**Student:** 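Encoded as structure tokens, here's the structure I'll be asking about.
Each chain gets a letter, A, B and so on, in the order the sequences are listed, and its residues count up from 1. Remember, predicted model here, so these are calculated numbers, not experimental data.
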Protein chains: 4
Amino acid sequence: MDRMSTSTERPRSGRREATRHRLFEAAVGLISEQGYGATTVDEIAERAGVAKGTVYYNFGGKSELYTALMEWGVSRLADTLKDAAPPSAPPAEALTAVLRAGVVFIGEHEALARLLMAEAWRTNQAWYATVRQIRTEAIGVISGQLERLAAEGALRQGVDTGLAGSALFGMVVTVALDWRTLQPERPVEEIHATLAHMTDGLVGASSSAPEHA
Amino acid sequence: MDRMSTSTERPRSGRREATRHRLFEAAVGLISEQGYGATTVDEIAERAGVAKGTVYYNFGGKSELYTALMEWGVSRLADTLKDAAPPSAPPAEALTAVLRAGVVFIGEHEALARLLMAEAWRTNQAWYATVRQIRTEAIGVISGQLERLAAEGALRQGVDTGLAGSALFGMVVTVALDWRTLQPERPVEEIHATLAHMTDGLVGASSSAPEHA
Amino acid sequence: MDRMSTSTERPRSGRREATRHRLFEAAVGLISEQGYGATTVDEIAERAGVAKGTVYYNFGGKSELYTALMEWGVSRLADTLKDAAPPSAPPAEALTAVLRAGVVFIGEHEALARLLMAEAWRTNQAWYATVRQIRTEAIGVISGQLERLAAEGALRQGVDTGLAGSALFGMVVTVALDWRTLQPERPVEEIHATLAHMTDGLVGASSSAPEHA
Amino acid sequence: MDRMSTSTERPRSGRREATRHRLFEAAVGLISEQGYGATTVDEIAERAGVAKGTVYYNFGGKSELYTALMEWGVSRLADTLKDAAPPSAPPAEALTAVLRAGVVFIGEHEALARLLMAEAWRTNQAWYATVRQIRTEAIGVISGQLERLAAEGALRQGVDTGLAGSALFGMVVTVALDWRTLQPERPVEEIHATLAHMTDGLVGASSSAPEHA
DNA sequence: CATGAATGAGCATTCATTCAT
DNA sequence: AATGAATGAATGCTCATTCAT
């Protein structure tokens with residue numbers, strides 16, 4: 001069918017793609033609030049404004065919808081982080097830019113971020129692989145910048161860039177979500193400033209390294 | 001037989017308290033692996049070695065069991081963190097000690113930690129208040145140390161101790177869970193060393209602070 | 001719409017309405033025999049020839065089914081009583097006709113009548129309002145005839161038409177149910193004759209006893 | 001067992017008898033409000049102020065408690081009705097006295113009366129026999145008076161005393177319960193006056209309407 | 001006599017999934 | 001491409017009953 005395509009709003013993609021998109025939007029919101037298990041297909045369909053059968057017609061099932069949702073949302077995060085810093089930027093600035101991009105992204109996609117954290121260590125779920133891969137990609141972008149710093153000798157000695165990437169990732173997500181949840185009125189810059197201060201410990205390099213037993 | 005006091009381990013508490021304890025142990029494990037929704041009351045009862053009705057007799061329902069479980073496990077975390085540093089310790093060392101205690105605690109109570117992160121930002125659940133309170137307490141211990149540092153002038157200027165506490169908390173939990181999940185064979189010291197490096201940025205204070213707009 | 005109407009049996013109403021009707025039929029019988037509490041949703045669904053979930057899909061729950069059932073059956077009773085006497089009939093005859101209609105109705109809808117009496121004074125049930133309303137309507141029809149009699153001066157002095165209506169209602173239902181339960185073989189006319197005799201006390205007033213065929 | 005055996009029942013009563021009595025009181029109230037099925041042993045025990053096990057110790061089970069309750073309450077009703085009219089009284093007055101006694105009894109034992117009506121036609125319950133017997137006794141008292149009237153020639157011709165007894169019984173119970181439920185503030189005399197008017201149709205025979213104070 | 005913790009069969013309810021339209 | 005009535009296996013919960021104290 002698809003009679004018209006005159007002007008409504010989505011230049012191409014047809015009815016089907018529009019339906020899928022509405023289901024995604026409905027699902028992220030609901031699941032991030034209530035959790036996967038507590039969210040019913042009925043609710044998703046209702047919020048999306050379609051009949052329940054439509055979910056099955058388009059995705060085949062609840063868990064498939066969830067997996068598709070993860071992939072959809074996650075590729076956005078990775079892309080955002082990758083595009084945050086121009087390859088030419090000095091590593092220290094690039095790192096700062098990546099973290100800021102992370103904060104901004106989470107500010108704009110809270111629901112997705114909540115989902116990610118909720119599922120991050122639930123290793124026996126069907127979609128664990130997807131979630132893990134997403135996190136790996138995001139952390140990889142951060143660790144990549146840390147390695148560039150290390151190559152310049154600007155990174156404190158003895159720092160494991162993998163672990164440190166994971167630490168920064170957790171730090172960014174935690175701070176950003178607490179910000180959205182508890183103090184959404186604060187300007188994003190204040191959030192980012194605090195994070196920037198904290199990364200300086202790593203970056204501040206060679207000089208006056210305090211001792212650790 | 002042997003209903004108490006010989007030596008087994010719970011000198012007092014009576015039959016009922018013992019039953020509740022076994023249900024807690026069974027529930028943390030199951031729920032952290034599968035999630036709340038995917039864990040059935042049957043499973044919990046079976047693993048605890050009691051009849052299903054006993055769960056209802058003791059807690060009133062599945063969600064109440066979960067809430068009680070949170071409170072139970074969480075007071076442990078807060079206590080552990082509070083006891084980590086002697087009040088007499090210099091702030092910088094105290095902070096380090098608290099973070100290490102956090103890593104160790106998570107290493108020993110993975111299940112609980114996973115639960116905590118999974119629920120941390122799920123604001124419309126019945127038990128959100130409990131979870132939030134727990135996090136607040138834990139973060140409070142960290143922020144408290146940061147404030148002691150600030151009082152000494154050892155904290156980098158312009159750091160919001162509340163936000164920074166939340167950042168350190170997220171960092172610790174994330175790194176610790178990634179460690180347990182992905183590289184459980186690494187010695188805890190390596191984990192802690194990375195975290196310690198990262199806190200130096202805050203602590204290392206006034207000296208060679210790079211600028212941020 | 002209404003594509004079909006060929007012949008199957010339910011010219012209008014659609015699949016859903018047919019299902020609801022079968023559930024009603026199944027439920028009255030079962031509940032009037034066993035009581036509400038002792039009747040399971042499984043039994044109702046089985047007798048109706050549908051799956052258990054269908055009860056929930058159509059009514060939302062057991063008690064809602066019960067309430068809907070009451071409303072359904074009860075509007076029938078009220079209608080029957082209202083139609084029993086032509087407005088033009090003299091009041092004395094009209095009253096007799098209404099009571100006879102009541103007896104006949106109960107003879108044909110025992111199950112419903114039992115339900116009504118069982119719930120009539122159970123004031124704290126969810127469906128009490130429905131039951132009460134039904135009784136009020138039925139009693140109202142009777143009281144209405146008594147008022148017509150009073151207007152003609154044919155009613156014994158000092159009779160409260162409201163109370164008397166309730167008395168006649170109770171009398172009719174009790175006699176009719178005892179008849180069906182204990183002596184179902186007796187012809188309906190014998191039952192009605194006894195009732196007619198009893199109303200004469202009200203109607204006969206001072207003067208002459210009206211005849212009954 | 002059965003140590004004590006002084007006479008038959010309770011000149012004294014000891015702890016046990018007191019406990020049973022409190023359970024009766026608790027049970028009638030609860031069951032008449034909610035119905036048998038909806039009333040739990042827990043509730044009964046709680047209202048009676050005893051532990052749940054005590055119900056089982058004293059009665060053996062829920063249904064046995066219910067049966068015992070019926071027998072206890074019902075013998076009271078029959079006794080009250082039998083004692084209402086002195087054997088020497090003229091039949092017409094005796095009938096009036098019996099009905100008045102019924103109204104008064106129900107006014108004072110609403111809960112029991114509700115129970116009776118709720119179970120009256122539920123033929124497949126374990127306690128149906130008990131209920132039926134009670135009703136038969138009560139109706140028998142009424143019918144007995146009608147027969148005395150018939151013997152005197154004071155009863156309208158063609159009235160079946162059995163059916164009429166049932167009719168009067170239903171009338172009395174219905175009016176009395178509606179009175180307690182809907183207009184408890186009305187004086188009992190008004191209720192009784194209406195009933196007395198209605199019986200005159202039977203009694204007044206062909207002649208003149210008897211007076212009522 | 002009485003208690004109350006524990007039990008488990010039974011039941012109401014939920015919800016992902018199917019399928020005829 | 002979408003719908004929504006129907007399904008039934010799975011699950012949370014209730015509650016009469018038991019029993020060790």
**Student:** Which class fits the ring pair C:Phe24 and C:Trp72: parallel under 30°, tilted 30 to 60°, perpendicular over 60°?
**Tutor:**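 The rings of C:Phe24 and C:Trp72 lie parallel, inter-plane angle below 30°.
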**Student:** Counting only Watson-Crick or G-U wobble pairs whose two distances fall under 3.5 Å, which nucleotide matches F:dC15?
**Tutor:**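 By the stated definition (distances under 3.5 Å), E:dG8 pairs with F:dC15.
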**Student:** For A:Thr54, which contact category applies under a 4.0 Å heavy-atom criterion: base, sugar-phosphate, or nothing?
**Tutor:**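 Contact class for A:Thr54: base.
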**Student:** Identify the two heavy atoms, one from B:Thr19 and one from B:Val50, that lie closest to each other, and give their separation to 0.1 Å.
**Tutor:**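 That would be CG2-CG1, 4.2 Å.
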**Student:** May I ask you to say what C:Val55 touches in the nucleic acid, namely base, sugar-phosphate or nothing, with a heavy-atom cut-off under 4.0 Å?
**Tutor:**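 The answer is nothing, as C:Val55 stays clear of every strand by at least 4.0 Å.
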**Student:** Which listed nucleotide (E:dA12, F:dT11, F:dC15) is nearest to the side chain of C:Val41?
**Tutor:**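 Nearest to the side-chain atoms of C:Val41, counting from C-beta on, is E:dA12.
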**Student:** Check the distance between F:dA16's C1' and D:Glu43's CD and give it to me in whole angstrom.
**Tutor:**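 Result: 13 Å.
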**Student:** Which part of the nucleic acid, if any, lies within reach of A:Ser63 when heavy atoms closer than 4.0 Å are counted: base, sugar-phosphate only, or nothing?
**Tutor:**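 The residue A:Ser63 makes no contact with any strand.
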**Student:** With nearest nucleotide decided by heavy atoms, which residue, B:Gly49 or C:Lys62, maps closer to the 5′ end of DNA chain E?
**Tutor:**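 The 5'-side residue here is B:Gly49.
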**Student:** Whole Å only: how far is the CG atom of D:Leu65 from the C1' atom of F:dT17?
**Tutor:**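 Rounding to the nearest Å, CG of D:Leu65 and C1' of F:dT17 are 14 Å apart.
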**Student:** Is any side-chain nitrogen or oxygen of D:Thr19 closer than 4.0 Å to OP1 or OP2 of E:dA2?
**Tutor:**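 Yes, such a contact exists.
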**Student:** Check the orientation of C:Tyr66 and C:Trp127. Use parallel for under 30°, tilted for 30 to 60°, and perpendicular for over 60°.
**Tutor:**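 Perpendicular.
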**Student:** What is the separation between atom CD on B:Gln34 and atom P on F:dA10, rounded to the nearest whole Å?
**Tutor:**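 Between P of F:dA10 and CD of B:Gln34: 15 Å.
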**Student:** Do C:Lys52 and E:dT13 have a side chain to base donor-acceptor pair shorter than 3.5 Å?
**Tutor:**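 Present.
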**Student:** Between F:dA1 atom P and A:Tyr57 atom OH, what is the distance in whole Å?
**Tutor:**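 My rounded result for the distance is 4 Å.
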**Student:** Is it the case that D:Arg20 places NZ or CZ above or below the six-membered ring of D:Phe59, under 6.0 angstrom from the centre and within 45 degrees of the axis?
**Tutor:**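 Yes, D:Arg20 sits over the ring of D:Phe59.
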**Student:** Between E:dA6, E:dT17, F:dT14, spot the one nearest the side chain of B:Tyr56, thanks.
**Tutor:**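 Looking only at heavy atoms from C-beta outward on B:Tyr56, the closest nucleotide is F:dT14.
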**Student:** What nucleotide, of F:dT7, E:dC15, F:dA6, holds the atom closest to the side chain of C:Ala51?
**Tutor:**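 Selected nucleotide: F:dT7.
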**Student:** B:Leu30 CG to F:dG12 P: how many Å, rounded?
**Tutor:**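 After rounding, the reported distance stands at 11 Å.
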**Student:** Considering Watson-Crick and G-U wobble pairs with both distances under 3.5 Å, what does F:dA2 pair with?
**Tutor:**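 Per the H-bond distance test, E:dT21.
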**Student:** Rounded to whole Å, please give me the gap between OH in C:Tyr36 and P in E:dC11.
**Tutor:**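 So the two atoms are 14 Å apart, to the nearest Å.
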**Student:** At their closest point, which heavy atom of B:Thr130 faces which heavy atom of B:Met70, and how far apart are they?
**Tutor:**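 Scanning both residues, the minimum pair turns out to be CG2-CB, 3.9 Å.
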**Student:** Rounded to whole Å, how long is the line connecting atom CG of C:Asp42 with atom P of F:dA10?
**Tutor:**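 These atoms are roughly 15 Å apart.
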**Student:** Whole angstroms only, please: what is the CD-P distance between C:Glu17 and F:dG4?
**Tutor:**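 Nearest whole value for this atom pair: 16 Å.
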**Student:** Need to verify one output field. Residue with the more 5' nearest nucleotide on DNA chain E, D:Asn58 or B:Gly53?
**Tutor:**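 First, find each residue's nearest nucleotide; the 5'-ward one identifies D:Asn58.
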